[in-house]
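The shown structure was predicted, so the numbers you read here are calculated from the model rather than taken from an experiment. Reckoned from all heavy atoms, side chains included, excluding hydrogens, waters and symmetry mates. In this chain, residues are counted from 1 in sequence order.
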Amino acid sequence: MKREFEALYEEYFPRIYAFLFKLTNQRDLAEELTQETFYQVFISFHRFRGDSDVFTWLASIAKHTYYKHLRKNRHQTDAISTELLAEVYYSENAEHLEDAVEKQLLLESIRRALTTLPKKYQDVTILRIYADMSYAQIGDALHISENSARVIYYRAKKMMMEAIRNEYDM
């Protein structure tokens, strides 16, 4: 079991770290959460049945570890990195100061819109954008169908865009 865990750790540590870094945008916190994730994996390794992809299982544990951290440190909820989400909705480069300010305002709007979504919508959006998971992997991680993951993501994007439009009176 020790060798299997070590192989798992070596193979997936970089992806789990990258996933958590995208969520936190803080190297030290991402490192700490990655270590906690693998600790949780180690103590529950015997329960992995292989019903889902290994990365899906690990990302699910990492997501729960991150949420646990947020619950314990509610004052740090602004640590959610929204830059990747902003890139999804705002693909132009900010070459001028006015554009940079506009992009920053959009980032803040996206963060607010994301945090107002129902939890399942937040989970699907975070796993799709930050973990770069397929709809099938998201379905496995959240125990929903692949099609449900697609529909929830589509609805989440629609809800977020509506919230942003309302905020900017568009």
For side-chain contact (heavy atoms from CB on, under 4.5 Å), just list the numbers for Asn147 and Arg150, CA-CA rounded to whole Å, side-chain angles, deciding distance to a tenth of an Å, and then say yes or no.
CA-CA 5 Å; Asn147 194 46; Arg150 286 179 193 277; 4.3 Å; yes
Beyond-backbone contact of Leu29 with His69, side-chain heavy atoms, under 4.5 angstrom
yes
For Thr56, is there any backbone N or O sitting under 3.5 Å from a side-chain donor or acceptor partner on Ser60?
no
Val151 with Tyr121, same ILVMFWY side-chain cluster at under 4.5 Å:
no
Heavy-atom side-chain contact between Arg27 and Tyr17 under 4.5 Å
yes
Testing the basics here: between Thr116 and Gln122, what is the closest heavy-atom pair and its distance to 0.1 Å?
N-NE2, 4.4 Å
Nearest-0.5 Å distance that lies between atom CZ in Arg155 and atom NZ in Lys120
11.5 Å
Is the shortest heavy-atom distance from the side chain of Leu23 to the side chain of Leu33 under 4.5 Å?
no
ILVMFWY network linking Tyr67 to Tyr39, side-chain heavy atoms under 4.5 angstrom
yes
Smallest separation among heavy atoms of Ala62 and Ile16, with atom names
CB-CG2, 4.0 Å
Phe38 vs Phe5 aromatic rings, parallel, tilted or perpendicular, using cut-offs 30° and 60°?
perpendicular
Minimum side-chain heavy-atom gap Val54-Glu11 below 4.5 Å
no
Begin from the C-alpha positions of Glu36 and Gln40 and carry the test side-chain contact (heavy atoms from CB on, under 4.5 Å) through to its verdict.
CA-CA 6 Å; Glu36 177 63 23; Gln40 295 299 323; 2.7 Å; yes
Search all heavy atoms of Val124 against all heavy atoms of Ala149 and return the closest pair with its distance.
CG1-O, 3.6 Å
Residues Tyr66, Thr37; criterion side-chain contact (heavy atoms from CB on, under 4.5 Å); working and verdict:
CA-CA 9 Å; Tyr66 174 67; Thr37 297; over 6 Å; no
In Phe21, Tyr9, Phe13, Phe19, the residue satisfying side chain to side chain contact (heavy atoms under 4.5 Å, CB included) with Thr34 is Phe13
Under 4.5 Å between side-chain heavy atoms, hopping through other hydrophobics if needed: is there a path connecting Tyr154 to Met133?
no
In sequence, state the C-alpha distance, the side-chain angles, and the governing distance for Ile138 and Ile152, and then conclude on side-chain contact (heavy atoms from CB on, under 4.5 Å).
CA-CA 11 Å; Ile138 293 169; Ile152 290 169; over 6 Å; no
With rounding to the nearest 0.5 angstrom, report the NZ to CD1 distance, Lys22 to Ile126.
13.0 Å
Which heavy-atom pair separates Asp53 from Asp140 by the least distance, and what is that distance?
N-OD2, 4.5 Å
